[in-house]
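First comes the structure, then the notes that go with it.
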Amino acid sequence: MYIQVLGSAAGGGFPQWNCNCANCDGLRKGTVNAHARTQSSIAVSEDGERWILFNASPDIRAQLASFPAMQPARALRDTGIAAVLLIDSQVDHTTGLLTLREGLPLDIWCTAQVHEDLSSGFPLFPMLEHWNGGLRWQEIALGDGAAVGFVIPCAPNLKLTAIPLLSNAPPYSPRRDQPHPGDNIGVFIEDTRTGATVLYAPGLGKTDEHILQWMRQADVLMVDGTVWHDDEMIRQQVGTKTGQAMGHLAQSGPGGMIEVLDTMSASRKILIHINNTNPILDEDSAERAQLAQHGIEVAWDGMHIDLSGTP
């Protein structure tokens, strides 16, 4: 199994185009030791040729151009994308589908709740019907809200399990602030050939025993790294919402992501979906040093994880 981080930032990217917080301003001026990041997305493959795109960010064109495997050039028109899996219906995880219109039709795996949001409040499915048949919905059927296993045909040796997360739906969803199972999922990936396992959950708002059980089984954890402090955006005067209100678990404080990850035995613990206000973006910050002390990594655009030889 191979994993490529196409984008590691939260919505707006880093630096955010209209933001002059300490991180964004410092990156532009060269006074902060940090690297630019595009909006959150990864690609997963069992063979290095056919890739499942996890989320389609607004930055997808640049992300695909930065990863040669996504343009294998086997035909006059070609792509390495064999399927797309959406973990939620947020703008920063779905807008890139518009950029993919020349390559339609395309199989889109998502829950019924995500399909509903993308058919009404943010109607990408109806819009893209006008391009060669549009998006072909493949339902991730959660049923009563329990985790459900499935396989995507382009990667028959990867067993995927969709896990409902305690998070929030986007502002245009009828379930905003009244989350339902399926609004946001994490995905547990197992390579049935090697036994290697990964949990991808960039929208983890709260932990419960259900998600903790899955986290304990993973060799690699790629989890929510949005904010350091729950009230980070309020502290920095760039927003009015807490991390919890947006559906993200902060790293610091009792019950925070650092405390949770300290209880996990995964060989790699990686934060992804990092907001532009988060001090961990500054590689010289005390917060970044604290992560290192706990054995926690920070994802970056272009990060590659090769699990093909994991026993």
Side-chain angles (χ1 to χ4, degrees), residues 2-16 19 21-28 30-44 54-55 57 59 62-63 66-67 87 92-93 186 198-205 207 215 218-230 232-233 235-236 238 243 246-253 256-307:
Y2 306 96
I3 302 169
Q4 181 77 10
V5 176
L6 300 175
S8 54
F14 175 60
Q16 183 172 306
C19 184
C21 69
N23 281 341
C24 292
D25 187 55
L27 181 65
R28 293 190 188 100
T31 57
V32 170
N33 181 17
H35 294 85
R37 286 169 162 83
T38 58
Q39 293 167 91
S40 174
S41 176
I42 66 170
V44 178
F54 281 61
N55 299 328
S57 93
D59 301 314
Q63 292 171 346
S66 70
F67 185 39
I87 65 164
D92 49 310
H93 286 157
V198 177
L199 177 67
Y200 178 60
L204 182 55
T207 57
M215 293 177 74
D219 298 317
V220 176
L221 290 166
M222 303 183 75
V223 294
D224 198 325
T226 307
V227 292
W228 182 264
H229 298 287
D230 186 51
E232 185 172 298
M233 296 184 70
R235 290 188 187 200
Q236 298 197 30
V238 295
M246 295 184 293
H248 299 287
L249 179 65
Q251 281 107 65
S252 64
M257 189 64 77
I258 293 175
E259 187 175 287
V260 172
L261 292 179
D262 278 347
T263 68
M264 299 296 156
S265 60
S267 59
R268 298 186 68 176
K269 305 169 185 180
I270 304 168
L271 298 178
I272 195 167
H273 194 273
I274 304 150
N275 199 57
N276 61 81
T277 55
N278 194 326
I280 66 175
L281 289 169
D282 181 353
E283 298 183 18
D284 296 330
S285 66
E287 291 83 358
R288 189 63 171 263
Q290 185 175 342
L291 289 182
Q293 291 170 1
H294 289 264
I296 300 172
E297 303 174 60
V298 178
W300 45 276
D301 291 20
M303 183 183 211
H304 187 74
I305 301 172
D306 184 345
L307 296 175

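Note that this is a predicted model, so its numbers are computed, not measured. Numbering starts at 1 and runs along the sequence shown.
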- prompt: Looking only at atom types and distance, does a side-chain atom of Gln16 sit under 3.5 Å from a main-chain N or O of Gly12, one as donor and one as acceptor?
  reply: no
Closer than 3.5 angstrom, by distance alone: can the side chain of Thr226 be matched with the main-chain N or O of His248 as a donor-acceptor pair? no
With sequence neighbours left out, the residues meeting ring-ring contact (aromatic ring centres under 6.0 Å, His included) with Phe67 are Trp51
Please find the pair of heavy atoms, one from [X] and one from [Y], that lie closest to each other, and give the distance.
X      : Y      : value
Ala36  : Pro15  : CB-CD, 4.3 Å
Leu249 : Gly205 : CB-O, 3.6 Å
Phe14  : Cys24  : CE1-N, 3.8 Å
Ser41  : Asn55  : OG-O, 3.0 Å
Pro202 : Ser40  : CB-OG, 4.3 Å
Trp300 : Val5   : O-CG1, 3.4 Å

Are any non-hydrogen side-chain atoms of [X] and [Y] less than 4.5 angstrom apart?
X      : Y      : result
Glu287 : Ser252 : no
Val220 : Ile3   : no
Val223 : Leu271 : yes

What distance do [X] atom [atom1] and [Y] atom [atom2] have between them, rounded to the nearest 0.5 Å?
X      : Y      : atom1 : atom2 : value
Ile272 : Leu221 : CD1   : CG    : 12.5 Å
Thr207 : Asp224 : OG1   : CG    : 11.5 Å
Arg288 : Leu281 : CZ    : CG    : 7.5 Å
Ile305 : Arg268 : CD1   : CZ    : 5.0 Å
Met233 : Cys19  : CE    : SG    : 8.0 Å
Asn276 : Cys21  : CG    : SG    : 4.5 Å

Residue pair Ile270, Met303: steps toward the side chain to side chain contact (heavy atoms under 4.5 Å, CB included) verdict: CA-CA 11 Å; Ile270 304 168; Met303 183 183 211; 3.9 Å; yes
Check step by step if side chain to side chain contact (heavy atoms under 4.5 Å, CB included) holds for Asp282 and Asn33. CA-CA 5 Å; Asp282 181 353; Asn33 181 17; 4.1 Å; yes
The single option from His229, Gln251, His273 that satisfies side chain to side chain donor-acceptor pair (under 3.5 Å) with Asn278 is Gln251
Applying side chain to side chain donor-acceptor pair (under 3.5 Å) to Gln290 and not counting sequence neighbours gives none
Those residues at least two apart in sequence (or on a different chain) that pass side chain to side chain donor-acceptor pair (under 3.5 Å) with Thr38 are Gln63, Asp301
Check this for me: His294, atom NE2, are more than 12 non-hydrogen atoms of other residues, nucleotides or ligands nearer than 6.0 Å? yes
- [ ] Carefully, step by step, assess Val298 and Arg37 under the rule side chain to side chain contact (heavy atoms under 4.5 Å, CB included).
- [x] CA-CA 12 Å; Val298 178; Arg37 286 169 162 83; 3.7 Å; yes
Apply the test side chain to side chain donor-acceptor pair (under 3.5 Å) to residues Thr277 and Gln236: give CA-CA distance (whole Å), side-chain angles for both, the deciding distance (0.1 Å), then the verdict. CA-CA 8 Å; Thr277 55; Gln236 298 197 30; 4.7 Å; no
Between Gln39 and Asp92, a side-chain donor and acceptor under 3.5 Å:
no
